[in-house]
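For reference, the structure is listed below as C-alpha cells.
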Amino acid sequence: MRLAGIDIGSRSIELIVLEDGKVIHSKQAESGYNPIERVKELISDISYDKIMATGYGRGIVEVAFDFPTVTEIKAYGTGAAHLYPGVRSVLDIGGQDTKVISINEKGRVVKFEMNDKCAAGTGKFLEMIATTLGYQTHQIGSEAQKGKEGIEINSMCAVFAESEVTSLLAKGCERNDIALAIHQSVCKRAVGMIRRQNTSSPLMFAGGVANNSCMAQLLEESLGENIIVPEKPQFVGAYGAAMLAGLL
Amino acid sequence: MADYTQMWTELGLNHDNHNALLENLGNAYQSIFMTQENRPEGMSYFDFVMSEAHGLRIQELREEQEAGRKIIGSFCVFVPEEIVLAAGCTAVGLCAGADFAQEEVEKVLPRNTCSLIKSFFGFKLGKVCPYMEVSDMIVGENTCDGKKKSFEIFKDMVPNFYQMDLPQTKTPMARQMLKHEFQSFVEKLEEMTGKSISLENLKQGIATVNAKRQALRRLSMLRSADPAPISGLDALLINQIAFLDNPVRFTEKVNALCDELEIKIKENKGAKSSDAPRVVISGCPMAIPNWKIPSIIEATGAVIVGEESCIGERGQRNLTDDSANNIDGIMDSIVDRYFKIDCAVFTPNQERVNHIKEMSQQYNADGVVHYGLQFCQPYIMESFSVEKQLEKENISVLRLETDYSQEDMGQLSTRVEAFVEIIK
Ligand code: SF4
Ligand code: SF4
C-alpha cells in the first residue's frame, strides 16, 4: 500500500510517499504565491492509494483536492513517534511558527503550545536576519557557530530585532557574533516554551530550522541533554501525515 | 423586518454606522447559525428575537417606557435583576461583543484594554446600540480594574450613569458591603420611579427571575445527554438572549424548547454525531455577537456542552430563596445568591475551579477550552491555575487568549483542531 503525506507550510511544501512503511519519494517545493499549483505539480508524477494533508495550508487543499486533513501538531507528533519510538516531545520550528508538542508513552499527542501571532523565533525570522547580515539562509547557522559570545539581542519582536541588528552592524560588531546572538535569542524562546510545558525527554527537534546545526547545538547546551535531530527534519510532518493516511 | 428608521433616529443612532453593524451582524448570523444542521424547531423563536433585536424588541421597550417602566442597562451579572423587576423596571444586558469605532475608542482608552470594554465604548461612540440609548439608567459595577477605571470615563458619555461597588473577597465584611450596595441600589430605583419596593414586589421579582434560571438550568441539564440535543452555539445564543428578552416570555420559550429536546433525546437524535468530542468552555463572558471561539470549536465537529461563563452557568446557577417574610430577610437572600457568583475578580476563587470540574463531569466533557480575552487580567491569571488543577484530574485543557478581531482565526483554528484531535 502506498501512503502519501503532504505538508503545506507557509514557506515550503513537503511530500512523502511510503510503500510498506518505507520512503520511496520525498520532494520539497516552495509554497510561493500559488500553493495549489505547487501541490498539483508535486503530485502529478506520483501514485498513491491514500493521502493526507497537513500544515498551515491544509485548508486550501481540502477544498481544492478534497484531501483529508490533520493538523500539523498531530502530524508532527505522529511522525516523530514513528521515526523514533519512545520520543516524548517535539520542538518544531518551521517557517512561521514554533510548536512544542508532548507525546505520551503510547505515542499520542497529549499537549501542545504554539507561539503567538509573531514571527520572532521562526524560520522566517532567521531568514530575515540572514539577509540583513548578508548571508545565505543556509549559511547563517554555520557562520554563527564561528561567532563569539557577548552580544545580547533584547527585542522579542522580529521587526525590532532586525533594526537592533542593523544598529549593531553600524556599531562595528562582527557579523558572526551577531548571528550567534540571534540564535541564542531564538533558542531562549524555544527553551522557554519547552519549560512552560514541562515536557519529558527525549526531545526531537524538527521542522526546517532543525537543519541549522547552531540551533541544535545551543538547544542541547541550554537544555543540558541530548536531543534527536532526524535526518530530514522538515519532512517529519509529511511523514506523520502519511502514517495517519494509513489509518483512514 | 419592519421599518424602524424613525425609532432609531429618535434614539439618536447613527444611521450609517448602525446599518453597517446590522449588516455585519446579519451576515455573521447567517453563516454561523443558519448553516447548522439538525437545529431544534424551537430555535426559530430565538432566531426571530435576534432578527428583531434592534427592531421589535426595542419598540417593546419603548412601549414599556411609555407605560411608565424604566429600562435599566447593565454590564454584569452582579446587578440584581430581581430588584430591578421589583421596582417595576426592566433589566437589559448591554452586550459588548464586537469591535466598533476602534479608532475613536483608542482616543479615550489605552490600547491594552480588553475587547469587551473597548466594545461598549465603541458602541457608545459610534452610536449603534439601541439598548444603551433606550436605557433610563446604566449601571456600571466595580469589578475588574479595566471596568472600574473605564467607567470613570464612560460616566461622562451617558446620562444617568450609576456606579455600584462590589467586593473582591468573600469575607463577612465583603458580604455586608454587597448588602449595603444592593440597598443603595433599591433606594436609587425607588427614587427614580417614585415608588417604594414592597415585600410582595420583591417576591414577584424573585419568582420571575428564578423561573428564568430554572428554565436555563433545565436546558443545561439536557445537554448532558449523548448525543447532545442542541449545539453549543444555539445554547450560547439562548443564554445571550436571556439578557435582552422579556423574562416571562423567554422562560416560556426556553421551556418549550426543552420539551422538544426531551423528545429528541428519547429518539436519540443529536445536534452532532454521537461520537462528537464534547467540550466545556470556560472563562470570560461571550456577549452578542461574539461567537468566534464557539464557532471555531463546533466547525471541527466537536460539540460544546456547557459554558462556564457569566453568559452561561456562572451567571445563572443558584436560585434566590424567597421564603423570608420581611424585606430585610429577602434582601439577605438576594445578597446570598449573588455572593456565590465565582467571578475571577474575587480572591481567592477556588469555587470556580470546582465548578469547572463539576461541569465537565456532569456534561461528560472530553476537554475544557479556557477562553480569555486578551488583557483580561482576572481570567487569564486564573487560567494558569485552572489548567494545572484540571490536568491533575486528567482533564485536558486548551487555554486560548484572543480578542474580537478576525486576524488570528487561522492560528486559533489550528489550535482548536489539534485539541479536538487530542481529546477525540
Ligand atoms: S465576569 Fe465578573 S465582571 Fe464580568 S459579568 Fe461576570 S461577574 Fe461581572
Ligand atoms: S473581560 Fe476581563 S478585563 Fe474585560 S471587563 Fe471582563 S473581567 Fe474586565
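Chain letters run A, B, ... following the sequence lines, proteins first, then strands; residues in each count from 1. Computed over heavy atoms, backbone and side chain alike; hydrogens, waters and symmetry mates excluded.
With a 4.5 angstrom heavy-atom cutoff, B:Val420 does not touch chain A via any of its atoms. If you measure heavy-atom distances from A:Lys111 to chain B, the contacts under 4.5 Å come from both the backbone and the side chain. Heavy-atom distances place no part of A:Glu113 under 4.5 Å from chain B, backbone and side chain included. With a threshold of 4.5 angstrom between heavy atoms, A:Val110 approaches chain B through N, CA, C or O but not through any side-chain atom.
Within 6.0 Å of CE in B:Met409 there are more than 12 heavy atoms belonging to other residues, nucleotides or ligands. Counting non-hydrogen atoms of other residues, nucleotides and ligands closer than 6.0 Å to CZ of A:Phe65 gives a total above 12. Heavy atoms of other residues, nucleotides or ligands lying less than 6.0 angstrom from NZ of A:Lys50 number more than 12. Surrounding OH of A:Tyr56 are at most 12 heavy atoms belonging to other residues, nucleotides or ligands under 6.0 Å away. Residue A:Glu41 places its CD atom among more than 12 non-hydrogen atoms of other residues, nucleotides or ligands, all under 6.0 Å distant. Enclosure of atom CD in A:Glu19 by more than 12 non-hydrogen atoms of other residues, nucleotides or ligands within 6.0 angstrom is indicated. Atom NZ of A:Lys188 has 12 or fewer heavy atoms from other residues, nucleotides or ligands within 6.0 Å.
The minimum heavy-atom distance between A:Phe112 and B:Phe419, with the atom names listed, is CE2-N, 3.8 Å. The minimum heavy-atom distance linking B:Ala418 with A:Ile73 is given by the pair CB-CD1, 3.4 Å.
Among the residues in residues 298-308 of chain B, none has a non-hydrogen atom closer than 4.5 angstrom to a non-hydrogen atom of chain A.
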Using the side-chain contact (heavy atoms from CB on, under 4.5 Å) rule, take A:Thr71 and B:Glu421 through it: C-alpha gap first, then chi angles, then the decisive distance, then the call. CA-CA 8 Å; A:Thr71 63; B:Glu421 285 167 354; 2.6 Å; yes
List the steps, then state whether side-chain contact (heavy atoms from CB on, under 4.5 Å) holds for A:Lys74 with B:Lys424. CA-CA 12 Å; A:Lys74 186 162 183 183; B:Lys424 234 194 266 204; 6.0 Å; no
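Between B:Thr414 and A:Met114 there is a side-chain heavy-atom pair separated by less than 4.5 Å.
A donor-acceptor contact shorter than 3.5 Å links the side chain of B:Gln411 to the backbone of A:Asn115.
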